[in-house]
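Data first, discussion second: the structure below is written as structure tokens.
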Amino acid sequence: MIKLDIMQPSLEKLRKFFRLEHENKYQNTAVIGGLASMLDYWEGEARADSVNEEVIQAVVARLRSYEKLSPEGRAESLKGLWKRIGETYPEANQKPKEQNQVPRQERSDVPVKQESKPQNQNPVKQNQHQPHQKQRPNPAPRSESVAGAKHSQTPAAFDSKLTVLQGVGPKNAESLAKLGMQTLGDMLYNYPRRYEDYSLLKPIQALMFNDVVTVLGSVQSVTNRPIRGGKQNIIELIISDGTGSLRISFFNQPWLLNRFKKDDMISVSGKIDQYLGRLVMNSPDWEFVEMENLHTNRIVPIYALTERITQKWLRNQMKQVVSYWSPAVVDPLPDTLKREARLVSLSEALTQVHFPDSQDRLKLARERLAFDEIFYLQMGVLRQRKDWQSVDGRRFTVTDNWVADRLANLPFSLTSAQQTALDDIRKDLDSGKPMNRLIQGDVGSGKTVVAALGASMVVSNECQAAIMAPTSILAEQHYRNFVNLLTGEKGFLNQDEIRLLVGNTTGSEKEAIKSGLADGSIKIVIGTHAVIEPDVNFKDLQFVVIDEQHRFGVEQRAELRSKGTNPHLLVMTATPIPRSLALTMFGDLDISVMNVMPVGRQPIATYVLRPQERERAFTMIRSQVQNGNQAFIVYPLIDESEKMDARAAVDDFEALSTHVFPDLKLGLLHGRMRPSEKDEVMLKFRDKEFDILVSTTVIEVGVDVPNSTLMLIEGADRFGLAQLHQLRGRVGRGSVASTCLLIPTREDATENERLQAMAVTNDGFELADLDLKLRGPGEFLGTRQAGFASSLKMASITDVKLIEKAREQAKNLFEKDPDLNQPEHALLAEAFQRFWNGTQSDIS
Ligand code: ADP
Ligand code: MG
């Protein structure tokens, strides 16, 4: 590393806080709890840095009374204080060099009157070394002045290649690029993977019996003590940390004798025991520590690494970049917003997320950074919505009579939720704007019929509709439903006006469908990805449905849409998501929630059985089959190769078909089969060629086999709640009462909270909420929404409170200034642009 003529870190810190305070207009908010509260640790740090004692006293005295002053008084006080510091430490009054790649003109490090050019404070290599400092005119004090601020948001240096850093050559730059870092700005946003909190270290002197602690010390001695007549041995280590010494014992690890040398620094973590009245630690976890890494009492960041890069080296680079450049970041969020949302400044957040001074400040830093992500995302979603609405959509009007006719022809009456969703669609179609709607309805809530009725409104006006489902079995199921609903005596379409287009549709049929769609003689096409193939063209596509939307990529959804001109779009999902999440993730969509089940639908009676009650489950299956019904047996894994001891579908399939149900017909379905094989098995099951389907979790979401009335889920404790609920939704689709049996892997898991919850409620939304609580951030949606979540490095889509807050703020701002045209939002506009450049532009 370069040797920098840098001030003592404690003074540097002070400088940063003063700057921050200046930016915050002397509201005493630069430090949580007020500037005075930093004194607790600052004083110690300053002494450790050997800062002049008079200076320390001056700082302490001024900051103690800071709170009582008016903002003007505070400004005076800090200026005076900094001037005082400058008398002892002239470098304090230097200002970083201003060159092309150096931050903005108006970066005023501290509110000092006289500023001069910096010496080598800048960790960026300087090609031409500037001659010694010269007085230059004091730049205008920084205000939220736009013209200046506009360019300052991204100090040009943030785009600098990393080779500008001392110690980073092309090789290292290449390695850093592998970690996603190309520029200085990337480094700032390269958050640590985790932290080691050495601030929780306990000095040896303070150890107590039974403590579970980490102790840091230097090795004083290593000895090998044979026991049991030399058959076994103990390596004994004495370590000392200056406050005392501690004996560490390792049993039967003779090789350790040569691992340790006197004065090696090691950290040991474990439980403090007692031996002959003295405190000892037995066989702890241990590792060598490099003292340079640990400024004691500090939370140390741990970064992701790649070849040729060590933690220590990267941390040093990060430290240079962060401590110099974070303070230079200008915060794009307006002050009022920050105050309302109680956010720390961006500089503070970036500094603390890398080198936190305390867990509390780390938490606030992470919160700020997470807020930004959700906030920008939300702004984008709102903008998309606006864009979407700025184009015209074809109007489709149907009369009440027409609707009544359609409904009268259904074999059932709509639930209230279906009715509402249909009304929503009808209004959208008649609005003159393209519909952009999400139907979120639990499994079995009857989304298909709503989609079919929506499509028929458009089709009855001579236009076309396309429905895309993730698998051919689902597509086929929809096809039959549509045909039943819309053709024949009661319908208004001919059967050949609705067609199925899937992967294994024959070549001649494909050609016929394509030409029918192109000339408009086919009104509705239902299919898989096959419908978005480039040579599928429509005469006038005006209604697009995407079922199980999470199974499709952004591009695929966009592709289907692009086959028409601003067609109306309906996406459907059975993933129950709490409302605030749905609004964030699908904020550009209108949402219809279908939370009512069709009448007559029997709740699925769910029981948790103990593993030894499996025989009972088999008896129940047998009796269902004897009644002419079918059953599922579901397993968590394909075979035993994965190390968990879950019962495996493939293995058990053999046993089940030869020993347990030799007289019944069993089918097997698992994830290693080809899609066409899976479809075939599923179809056979649907057509009752099997009595029992033994399966892993691949049984298709959305597949309707009303005749199946029992599901046995093995290894049930291995599934998440949402997944159990989705699986259970495969049964109970007819009017016959259905049963779900859950057998956990171990008896003690019968009390498992998730499993019990399944037995208590059939409501997907209720379960989703519970799942969120039980499993916490990250797990809930899994990788399904990965496209969305990948733009979030810090935020968790399950942090509902944060999301609400960010959403609220984004909405307020958007109402005031949707295009971010107002001068005070110039910085924000720029930051927003940057965020979205790196993100998907369509998340529907
Ligand atoms: P999902 O919302 O999971 O996609 P489906 O649309 O597949 O559900 O519907 C599940 C089953 O419920 C289908 O067999 C469908 O015919 C039936 N169904 C839909 N709406 C009603 C209703 N209002 N009353 C009775 N049965 C209905
Ligand atoms: Mg469905």
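When a ligand or atom number is given, it counts from 1 through the structure's own listing order. Along the sequence shown, the residues carry numbers beginning at 1.
For the pair Gly444 and ligand 1, a heavy-atom separation below 4.0 Å is found. Residue Ser445 places a heavy atom under 4.0 Å from ligand 1.
Under the 3.5 Å distance criterion, with hydrogens and angles disregarded, no donor-acceptor pair is assigned to the side chains of Thr448 and Asn481. Residues Gln495 and Thr487 have side chains that never bring a donor and an acceptor to within less than 3.5 angstrom of each other. Side-chain polar atoms of Arg406 and Ser456 form no donor-acceptor pair below 3.5 angstrom.
Contact annotation: the side chain of Thr415 never approaches that of Ser445 to less than 4.5 Å [non-hydrogen atoms, C-beta and beyond]. Here the side chains of Phe492 and Ser460 are in contact, with some heavy-atom distance below 4.5 Å.
Each of the atoms 4 (O), 5 (P), 6 (O), 7 (O) of ligand 1 lies under 4.0 Å from some heavy atom of Thr448. Listed by number with element, the atoms of ligand 1 under 4.0 Å from a non-hydrogen atom of Val443 are 3 (O). The ligand atoms of ligand 1 that sit less than 4.0 angstrom from a heavy atom of Thr415 are 23 (N).
Considering both main-chain and side-chain atoms, Val449 never comes within under 3.5 Å of ligand 1 through any nitrogen or oxygen pair. Between Ser413 and ligand 1, at least one pair of N/O atoms sits closer than 3.5 Å. On a distance-only criterion, Leu414 and ligand 1 share no N/O pair closer than 3.5 Å.
Exactly one residue among Arg437, Lys447, Gln418 makes a side chain to side chain donor-acceptor pair (under 3.5 Å) with Ser592. That residue is Arg437.
Using a 4.0 Å cut-off between heavy atoms, Gln418 contacts ligand 1 through its side chain alone, with no backbone atom that close.
Taking Ser472 as the reference, Asp679 meet the side-chain hydrogen bond (donor to acceptor under 3.5 Å, both in side chains) condition, with sequence neighbours excluded.
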